[in-house]
Amino acid sequence: QVQLVESGGGLVQPGGSLRLSCVASGRTLRLYSLAWFRQEPGKEREFVAAISRDGFTTPYSDSVKGRFTISRDDSKNTQYLQMNSLKPEDTAAYFCAARTSMFVQIKASDYEHWGQGTQVTVSS
């Protein structure tokens, strides 16, 4: 069983940047495809980005494409989400997720393991 812990959230002005981290323990992240989702209160969890086990497939939602970058460092058992040019509509709780497959998916229900979330607030 893998445990995931996110960090790096906070308050940032529009146009600013943040880097989220998700550290895994319990098992090596090499076994998993990884993803980031976000959720606003009262809304469904929304796909943001994913990265395949080999790192070569990285789909993004249209709303973040060109601004966010997902990456992984298996030697540190960590995945990252670099968020640039942040907008107020990016405000949400961000969750990292893992699935035991070499293939990525964009549906939250396809992911078996979740972190507790980290809040990102974009406001002036």
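Just so you know, these numbers use all the heavy atoms, side chains as well, and skip hydrogens, waters and symmetry mates.
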- request: Identify the heavy atoms of Ala108 and Trp114 that sit nearest to each other, and give their distance.
  value: O-CZ2, 3.4 Å

Student check: side-chain heavy atoms of Thr28 and Asn77 closer than 4.5 Å: yes

task: Taking Ser109 for its side chain and Lys107 for its backbone only, find out whether a donor-acceptor pair lies under 3.5 Å.
output: no

query: Given side chains that start at C-beta, do those of Val5 and Gln116 come closer than 4.5 Å, heavy atoms only?
result: yes

task: Answer with yes or no whether the side chains of Trp36 and Glu6 bring together a donor and an acceptor at under 3.5 Å.
output: no

task: Identify the two heavy atoms, one from Thr91 and one from Gln119, that lie closest to each other, and give their separation to 0.1 Å.
output: CG2-NE2, 4.0 Å

- prompt: Does Leu31 share a hydrophobic cluster with Ile51, counting links as ILVMFWY side-chain heavy atoms below 4.5 Å and allowing steps through other members?
  reply: yes

field: Close side-chain approach of Leu20 and Met83, heavy atoms under 4.5 Å
entry: yes

- prompt: Are Val104 and Tyr111 close enough, and set up right, to give a side chain to side chain contact (heavy atoms under 4.5 Å, CB included), and what steps lead you there?
  reply: CA-CA 9 Å; Val104 296; Tyr111 287 82; 4.3 Å; yes

- prompt: Within a radius of less than 6.0 Å around CD of Glu89, do more than 12 heavy atoms belonging to other residues, nucleotides or ligands occur?
  reply: yes

Modelled atom types, side-chain donor and acceptor of Thr100 and Glu112, under 3.5 Å: yes

message: Rounded to the nearest 0.5 Å, what separates atom NE2 in His113 from atom CG in Leu4?
response: 8.0 Å

- request: Could you note down all residue pairs passing disulfide bond (SG atoms under 2.5 Å apart) where residues 81-124 supplies at least one of them, sequence neighbours left out?
  value: Cys22-Cys96

- prompt: Is Val120 close to Val122 at the side-chain level, that is, under 4.5 Å between some pair of heavy atoms?
  reply: yes

Ile70 backbone acceptor or donor facing Tyr60 side chain under 3.5 Å: yes

- prompt: With no hydrogens and no angle check, is any side-chain donor or acceptor of Thr121 less than 3.5 Å from a backbone partner on Leu11?
  reply: no

Side chains of Leu29 and Leu34 in contact at under 4.5 Å (non-hydrogen atoms): yes

- request: Give a yes or no answer on whether the side chain of Thr118 reaches the backbone of Tyr94 with a donor-acceptor pair at less than 3.5 Å.
  value: no

query: Minimum heavy-atom separation for Leu18 to Val12, with atom names?
result: CD1-CG1, 4.0 Å

task: Specify whether Phe37 and Phe47 have parallel, tilted or perpendicular ring planes, treating 30° as the upper limit for parallel and 60° as the lower limit for perpendicular.
output: perpendicular

query: Does the side chain of Arg72 come under 3.5 Å of the side chain of Gln79 through a donor N or O and an acceptor N or O?
result: no

query: Is any side-chain heavy atom of Phe68 closer than 4.5 Å to a side-chain heavy atom of Leu86?
result: yes

- prompt: Can you tell me if Arg99 uses its side chain to pair, donor with acceptor, with the backbone of Ser33 under 3.5 Å?
  reply: no

task: Using a 4.5 Å cut-off on heavy atoms from C-beta on, say whether the side chain of Phe95 contacts that of Arg38.
output: no

query: Rounded to the nearest 0.5 Å, how far does CE of Met102 lie from OG of Ser52?
result: 7.5 Å

field: Between CZ on residue Arg53 and OG on residue Ser101, distance to nearest 0.5 Å
entry: 6.5 Å

field: Quiz item: cation-pi between Arg19 and Tyr80, 6.0 Å / 45°
entry: yes

query: Do the side chains of Gln39 and Glu44 get nearer than 4.5 Å, heavy atoms only?
result: no

message: Please tell me whether Ser63 and Ser61 have a donor and an acceptor in their side chains that are separated by less than 3.5 angstrom.
response: yes

Residue pair Ser17 / Asn84, side-chain donor-acceptor N/O under 3.5 Å: yes

- request: Identify the two heavy atoms, one from Asp90 and one from Ser85, that lie closest to each other, and give their separation to 0.1 Å.
  value: OD2-O, 4.4 Å

message: If I compare all heavy atoms of Glu40 with all of Ala92, which pair ends up nearest, and what's the gap?
response: CG-CB, 4.0 Å

query: Hey, is Asp62 close enough to Lys65 for a salt bridge, meaning N to O under 4.0 Å?
result: yes

